[in-house]
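Before any comments, here is the structure.
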Amino acid sequence: MNSPPTGTPNLMGYRRVGASGLRVSEIALGSWLTYGASVADSTAQACIREAIESGVIFLDTADVYNHGAAEELLGRMLADYQRSDLVLATKAFFPMSENPNDRGLSRKHLFESVHASLRRLRTDYIDLYQCHRFDPDTPVSETVRAMDDLVTSGKILYWGVSLWSAAQIAEAVEIARHTGAAPPVSNQPPYNMLQRSIEEDVLPLCRREGVGQVVYCPLSQGLLTGKYAGGKLPEGSRAADEKAGQFLRPRMTPANHEQVDRLAKLAAEAGLSLVQLALAWVLRDDCVAAAIIGATTPEQVRENVAASGIRLDEDFLYRVEMVLSAS
């Protein structure tokens with residue numbers, strides 16, 4: 001085999017988010033489908049402690065995750081740590097009630113959602129506030145100005161978007177530039193070795209405009225851990241859960257299973273776990289500020305964190321690409 005990946009596992013790296021001055025840990029801990037939902041509070045708390053003690057400073061959540069319960073759990077945990085040591089991110093867009101204004105990216109909803117998230121998170125400010133989806137019913141200019149006002153008021157420090165197209169991100173950046181408003185500093189898309197759609201136009205646009213990526217699903221919701229090899233559904237796994245596995249099961253195809261098997265063999269040759277290879281592959285791109293993991297045990301946190309600091313050389317990346325491009 002050619003020269004192996006380099007780096008020091010277990011030594012957390014930190015990166016700037018786009019062109020901003022904000023620095024985050026390469027591995028972030030998320031709470032979608034886990035904390036406040038399928039994972040017991042005591043286990044979630046153990047995962048958060050393990051992450052922070054391992055150098056993770058970036059914690060990502062959203063108001064809609066289990067209807068506020070994920071934010072509330074994080075809020076209870078924050079009391080044990082120095083707030084300024086952490087980068088706390090949350091999101092708004094999805095309906096939180098039947099109220100017709102309690103949704104979207106209008107000025108009214110964003111202002112009211114920020115205050116609700118602050119109460120649940122038990123904090124005075126949010127480091128990174130994100131538009132959870134694009135809102136076709138609200139002018140982008142209204143959203144940009146509302147976010148700028150939240151920055152000016154000190155309620156949030158930076159703002160970003162999630163799952164916006166390249167054209168939508170470009171419009172927000174252009175409006176911010178012409179009005180002197182704070183621009184979006186981040187985009188949160190799904191990105192992993194099996195889901196690469198952002199490479200076509202989102203990544204090039206974000207590189208030009210200084211918008212960093214804080215990617216979710218870097219392990220394709222567990223598919224890139226190898227535990228679903230051959231299509232098996234281990235008891236207690238996400239795929240075996242009717243609700244939690246709804247986004248994963250469509251990707252459990254024979255072609256994907258075959259690619260995962262080949263990637264696992266390549267990882268073993270390099271002395272890495274498949275998880276570490278998948279995370280290091282996502283972090284190979286300097287436009288990616290952080291990979292958001294969804295660990296359900298402290299052991300998973302430790303394995304994921306070990307990917308920080310691993311750098312894959314060009315020869316090894318070429319071999320990975322040959323696997324990924326195989327039909």
Side-chain angles (χ1 to χ4, degrees), residues 12-30 55-62 84 86-93 105 110 125-134 140-141 143-152 154-192 195-218 279-293 308 311:
M12 179 59 65
Y14 301 90
R15 301 184 180 191
R16 288 173 58 199
V17 179
S20 77
L22 179 65
R23 295 180 68 85
V24 296
S25 49
E26 291 182 332
I27 303 297
L29 184 64
V56 172
I57 63 170
F58 190 16
L59 305 175
D60 178 79
T61 188
S84 59
L86 303 174
V87 176
L88 189 60
T90 192
K91 314 177 194 70
F93 169 79
L105 300 177
L110 289 174
Y125 65 96
I126 293 164
D127 295 284
L128 179 62
Y129 197 49
Q130 301 158 100
C131 300
H132 210 159
R133 292 293 186 274
F134 182 77
V140 176
S141 58
T143 299
V144 171
R145 290 298 300 272
M147 287 296 199
D148 184 63
D149 287 343
L150 289 173
V151 170
T152 301
K155 300 295 183 182
I156 67 174
L157 304 186
Y158 302 89
W159 73 279
V161 302
S162 178
L163 271 177
W164 282 29
S165 70
Q168 292 161 351
I169 296 170
E171 182 179 2
V173 169
E174 188 66 13
I175 290 170
R177 181 179 292 126
H178 281 319
T179 61
V185 303
S186 67
N187 175 48
Q188 186 174 137
Y191 185 51
N192 57 65
Q195 295 171 273
R196 304 175 61 176
S197 62
I198 64 170
E199 292 178 350
E200 183 175 350
D201 53 6
V202 171
L203 278 180
L205 180 280
C206 287
R207 284 194 185 93
R208 290 196 303 271
E209 300 296 350
V211 179
Q213 309 300 299
V214 290
V215 306
Y216 73 93
C217 288
L279 290 169
W281 183 89
V282 166
L283 293 169
R284 83 201 186 287
D285 193 316
D286 59 9
C287 191
V288 175
I292 303 172
I293 63 169
S308 181
R311 298 295 177 258

Considering residues, nucleotides and ligands other than Glu199, do more than 12 of their heavy atoms fall under 6.0 Å from its CD? yes

Working note: Ile126 + Leu88, criterion side chain to side chain contact (heavy atoms under 4.5 Å, CB included); need CA distance, chi angles, decisive distance, verdict. CA-CA 6 Å; Ile126 293 164; Leu88 189 60; 5.5 Å; no

Roughly how far apart are Phe93 CZ and Leu105 CG, rounded to 0.5 Å? 6.0 Å

Is Arg145 reaching over with its side chain to a backbone N or O of Asp148, donor-acceptor style, under 3.5 angstrom? no

Report the distance from atom OG of Ser84 to atom OH of Tyr125, rounding to the nearest 0.5 Å. 6.0 Å

Under a 4.5 Å cut-off applied to non-hydrogen side-chain atoms, are Leu163 and Tyr216 in contact? yes

Between SG of Cys206 and CD1 of Ile169, what distance do you get to the nearest 0.5 Å? 4.0 Å

Pair Arg15 + Asp286, salt bridge at N-O below 4.0 Å: no

At what distance, to the nearest 0.5 angstrom, does CZ of Phe58 lie from CG of Leu128? 5.5 Å

Is there a side-chain contact between Val161 and Val211, using heavy atoms and a 4.5 Å cut-off? no

Do the side chain of Gln130 and the main chain of Thr90 share a donor and acceptor less than 3.5 angstrom apart? yes

Gln213 side chain to Asp285 side chain, donor-acceptor N/O pair below 3.5 angstrom: no

Between the side chain of Trp164 and the main-chain N/O of Arg133, is any donor-acceptor distance below 3.5 Å? yes

Rounded to the nearest 0.5 Å, what separation is found between the CG atom of Asn192 and the CD atom of Gln195? 4.5 Å

Do Lys91 and Asp60 pass the side chain to side chain contact (heavy atoms under 4.5 Å, CB included) test, and can you show the C-alpha distance, the side-chain angles, and the key distance before you say yes or no? CA-CA 9 Å; Lys91 314 177 194 70; Asp60 178 79; 2.8 Å; yes

So how far is it from Ser186 OG to Leu22 CG, rounded to the nearest 0.5 Å? 8.5 Å

Intermediate values then yes/no, side chain to side chain contact (heavy atoms under 4.5 Å, CB included), Met147 and Leu110: CA-CA 8 Å; Met147 287 296 199; Leu110 289 174; 4.2 Å; yes

Closest heavy-atom pair, Ala290 versus Ser25, reported as atoms and distance to 0.1 Å, is CB-O, 3.3 Å

Derivation and outcome, side chain to side chain contact (heavy atoms under 4.5 Å, CB included), residues Asn187 and Val202: CA-CA 9 Å; Asn187 175 48; Val202 171; 3.6 Å; yes

Measure the acute angle between the ring planes of Tyr191 and Trp281, then classify it against the limits of 30° and 60° as parallel, tilted or perpendicular. tilted

Examine distances only and state if a side-chain atom of Ser162 and a backbone atom of Gln188 form a donor-acceptor pair shorter than 3.5 Å. yes

